[in-house]
Student: 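Okay, here's the structure, questions in a sec.
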Amino acid sequence: MNGRLRTWLGPGVLVSLVLLLELAVRAGWINAVLVPPPSAVAQRLYTVIAAGKIFAPLGRTMYLLVLAYAIGCVLAIALGVLMGRFRPVHGLLEPLVEVLRPLPKPALLPPLMLFLGLGDTMKITAVALGVFFPVLINTIQGVRGVDPVMIDVARTFQHSRAALLWKVVLPSALPLILSGMRIALGIALVLVVIAEMMAGTGGIGYLIIDLQRSFRVVDMYAWVVILAVLGYALNEVFVRIERRAIHWSGTRAG
């Protein structure tokens, strides 16, 4: 399969599915009340964007997402380096991590709502927890997988612990850390939308559930499309950053 065909194959499949859905709804094979034709959704989407109604909910969701994502990543990388470099720290915290890590993070929303209320603190905490564990596990694995020869060479040249960390350990672990961060980005978007839906205050998640309850189906699907495009755009931006950050590595972001 040549490169040009590969480039257009994915978009072609997507367009074909949209056209098939349009025909199925127009032909009456699918209930248009529950699943409106894509053309109607596209028209409503254009209206929302042209009227500037997209900015407030999108900005609210992005604010929570970026802040919680940053908090979760910073804490996870810091703790991951400690657990990866120091066996006593790993032995002390590893049981707790393994108990909490498999727990579905949406299950934490009810107790977080009980203790923290329905405000931003609850949403940020829930998303940061969801981000924390994938980045933590990948950071630990990346740090523990650093070539011992590189560390020995750095020590031979009498590098300090700080220099060893910044010049050897973190660069070597960076591909795995970024891989965990990319996984965590998708989890963060899911959790922030769920938190907004459950809290019933602000953002795209709240808007989608509110439109569903008022049976404004076309508007609801338009915002679902916006959410899908947002997820795709965030992933593409991260992939580009990842490629630049580890251009020296044999690892290729896909």
Student: Between Ile204 and Ile208, is a side chain to side chain contact (heavy atoms under 4.5 Å, CB included) present by the stated rule, with each step listed?
Tutor: CA-CA 6 Å; Ile204 297 177; Ile208 288 174; 3.7 Å; yes
Student: Considering only heavy atoms from C-beta outward, does the side chain of Met62 approach that of Leu234 to under 4.5 Å?
Tutor: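 The answer is yes; the side chains approach within 4.5 Å.
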Student: Working to the nearest 0.5 angstrom, can you tell me the gap between Ile177 CD1 and Ile140 CD1?
Tutor: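 The CD1 atom of Ile177 sits 10.5 Å away from the CD1 atom of Ile140.
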Student: Would you please name every residue forming a salt bridge (Lys or Arg N to Asp or Glu O under 4.0 Å) with Asp219, sequence neighbours left out?
Tutor: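 Counting only residues at least two positions away or on another chain, Asp219 forms a salt bridge (Lys or Arg N to Asp or Glu O under 4.0 Å) with Arg44, Arg216.
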Student: Test of understanding: with side-chain contact (heavy atoms from CB on, under 4.5 Å), list the residues that count as partners of Gln43, not counting sequence neighbours.
Tutor: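 Not a single residue meets the side-chain contact (heavy atoms from CB on, under 4.5 Å) criterion with Gln43.
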Student: List the residues meeting side-chain contact (heavy atoms from CB on, under 4.5 Å) with Ala188, not counting sequence neighbours, and say none if there are none.
Tutor: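 Per chain and number, Ala188 pairs via side-chain contact (heavy atoms from CB on, under 4.5 Å) with Leu65, Tyr69, Val127, Val131.
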Student: Who passes side chain to side chain donor-acceptor pair (under 3.5 Å) against Thr139, sequence neighbours left out?
Tutor: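 Result, side chain to side chain donor-acceptor pair (under 3.5 Å) vs Thr139: none returned.
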Student: Under a 4.5 Å cut-off applied to non-hydrogen side-chain atoms, are Asp120 and Arg60 in contact?
Tutor: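 Yes. Closest side-chain heavy atoms under 4.5 Å.
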Student: For Glu98, give me all partners under side-chain contact (heavy atoms from CB on, under 4.5 Å), at least two apart in sequence or on another chain.
Tutor: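 Residues passing side-chain contact (heavy atoms from CB on, under 4.5 Å) with Glu98: Glu94, Arg101, Ile137.
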Student: For residues Ala126 and Leu191, report the shortest heavy-atom separation together with the two atoms involved.
Tutor: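 Looks like O-CD1, 3.7 Å.
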Student: Is there side-chain contact between Val35 and Tyr221, with at least one heavy-atom pair below 4.5 Å?
Tutor: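 Yes - at least one pair of side-chain heavy atoms lies under 4.5 Å apart.
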Student: Looking only at atom types and distance, does a side-chain atom of Lys105 sit under 3.5 Å from a main-chain N or O of Leu103, one as donor and one as acceptor?
Tutor: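 Confirmed, Lys105 side chain pairs with Leu103 backbone.
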Student: Are Ile30 and Val224 connected in the hydrophobic side-chain network, where two residues link if heavy atoms are under 4.5 Å apart?
Tutor: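 Cluster IDs for Ile30 and Val224 match.
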Student: Please tell me if the side chains of Trp223 and Ile54 come closer than 4.5 Å, counting only heavy atoms from C-beta onward.
Tutor: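 In contact.
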Student: Minimum heavy-atom separation for Val25 to Pro36, with atom names?
Tutor: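 Closest approach of Val25 to Pro36, heavy atoms only: CG1-C, 4.3 Å.
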Student: Identify the two heavy atoms, one from Pro110 and one from Ala107, that lie closest to each other, and give their separation to 0.1 Å.
Tutor: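 For Pro110 and Ala107, the tightest heavy-atom pair comes out as CD-O, 3.4 Å.
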Student: Looking only at heavy atoms, what is the nearest atom pair of Cys73 and Val135, with distance?
Tutor: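 Reported closest heavy-atom pair: SG-CG2, 4.1 Å.
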Student: Would you check, one step at a time, whether the test side chain to side chain contact (heavy atoms under 4.5 Å, CB included) holds for Leu75 with Leu79?
Tutor: CA-CA 6 Å; Leu75 293 177; Leu79 184 59; over 6 Å; no
Student: Could you work out, with salt bridge (Lys or Arg N to Asp or Glu O under 4.0 Å) as the rule, every residue matching Arg87, not counting sequence neighbours?
Tutor: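 Residues passing salt bridge (Lys or Arg N to Asp or Glu O under 4.0 Å) with Arg87: none at all.
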Student: Measuring from atom CG of Asn235 to atom CG of Leu230, what distance do you get when rounded to the nearest 0.5 angstrom?
Tutor: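 Taking CG in Asn235 and CG in Leu230, the distance rounds to 11.0 Å.
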Student: Rounded to the nearest 0.5 Å, what separates atom CG in Leu178 from atom CG in Asn138?
Tutor: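 If we round to the nearest 0.5 Å, Leu178:CG and Asn138:CG are 10.0 Å apart.
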Student: What residue pairs, at least two apart or across chains, pass side chain to side chain donor-acceptor pair (under 3.5 Å) with a residue in residues 49-59?
Tutor: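 Qualifying pairs, neighbours excluded: none.
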Student: For Arg144 versus Gly84, what's the shortest heavy-atom pair and its separation?
Tutor: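 Heavy atoms only, the tightest pair is CG-O, 3.5 Å.
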Student: According to the side chain to side chain donor-acceptor pair (under 3.5 Å) rule, which pairs have a member within residues 188-200, sequence neighbours left out?
Tutor: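 Side chain to side chain donor-acceptor pair (under 3.5 Å) check on residues 188-200 returns Thr61-Glu196.
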Student: Using 0.5 Å steps for rounding, measure from the CG atom of Leu170 to the CD1 atom of Ile77.
Tutor: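 Atom-to-atom, Leu170:CG and Ile77:CD1 are 8.0 Å apart.
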Student: Apply side-chain contact (heavy atoms from CB on, under 4.5 Å) to Phe215 and list each qualifying residue two or more places apart in sequence or on a separate chain.
Tutor: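 Counting only residues at least two positions away or on another chain, Phe215 forms a side-chain contact (heavy atoms from CB on, under 4.5 Å) with Val33, Leu34, Val217.
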Student: Between Ile209 and Arg213, is any pair of side-chain heavy atoms under 4.5 Å apart?
Tutor: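 Result yes, sub-4.5 Å side-chain heavy-atom pair found.
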Student: Do side-chain atoms of Ser179 reach the backbone of Pro175 as a donor and acceptor pair under 3.5 angstrom?
Tutor: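 Not a single qualifying donor-acceptor pair exists.
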Student: So how far is it from Leu129 CG to Leu108 CG, rounded to the nearest 0.5 Å?
Tutor: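 With rounding to 0.5 Å, CG (Leu129) is 6.0 Å from CG (Leu108).
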Student: In terms of hydrophobic clusters joined by side-chain contacts under 4.5 Å, are Ile226 and Leu21 together?
Tutor: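 Cluster IDs for Ile226 and Leu21 match.
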Student: CG/Leu112 to NZ/Lys123 distance, rounded to the nearest 0.5 angstrom?
Tutor: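 Reported value, rounded in 0.5 Å steps: 13.0 Å.
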Student: With clusters built from Ile, Leu, Val, Met, Phe, Trp and Tyr whose side-chain heavy atoms come within less than 4.5 Å, directly or transitively, what are the remaining members of the cluster of Ile241, listed by chain and number?
Tutor: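 Same cluster as Ile241: Val237.
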Student: Ser39: which residues meet the side chain to side chain donor-acceptor pair (under 3.5 Å) condition with it, sequence neighbours left out?
Tutor: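 For Ser39 the side chain to side chain donor-acceptor pair (under 3.5 Å) partners, ignoring immediate neighbours, are Glu22, Arg26.
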Student: Please collect all salt bridge (Lys or Arg N to Asp or Glu O under 4.0 Å) contacts where either partner lies in residues 109-118, sequence neighbours excluded, each pair once.
Tutor: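 Salt bridge (Lys or Arg N to Asp or Glu O under 4.0 Å) check on residues 109-118 returns no pairs.
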Student: How about OH on Tyr206, more than 12 heavy atoms from neighbouring residues, nucleotides or ligands closer than 6.0 Å, or not?
Tutor: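 Incorrect, the count does not exceed 12.
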Student: For the residue pair Glu242 and Arg182, what are the closest heavy atoms and their distance?
Tutor: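 What the structure gives for the nearest pair is OE1-CD, 3.9 Å.
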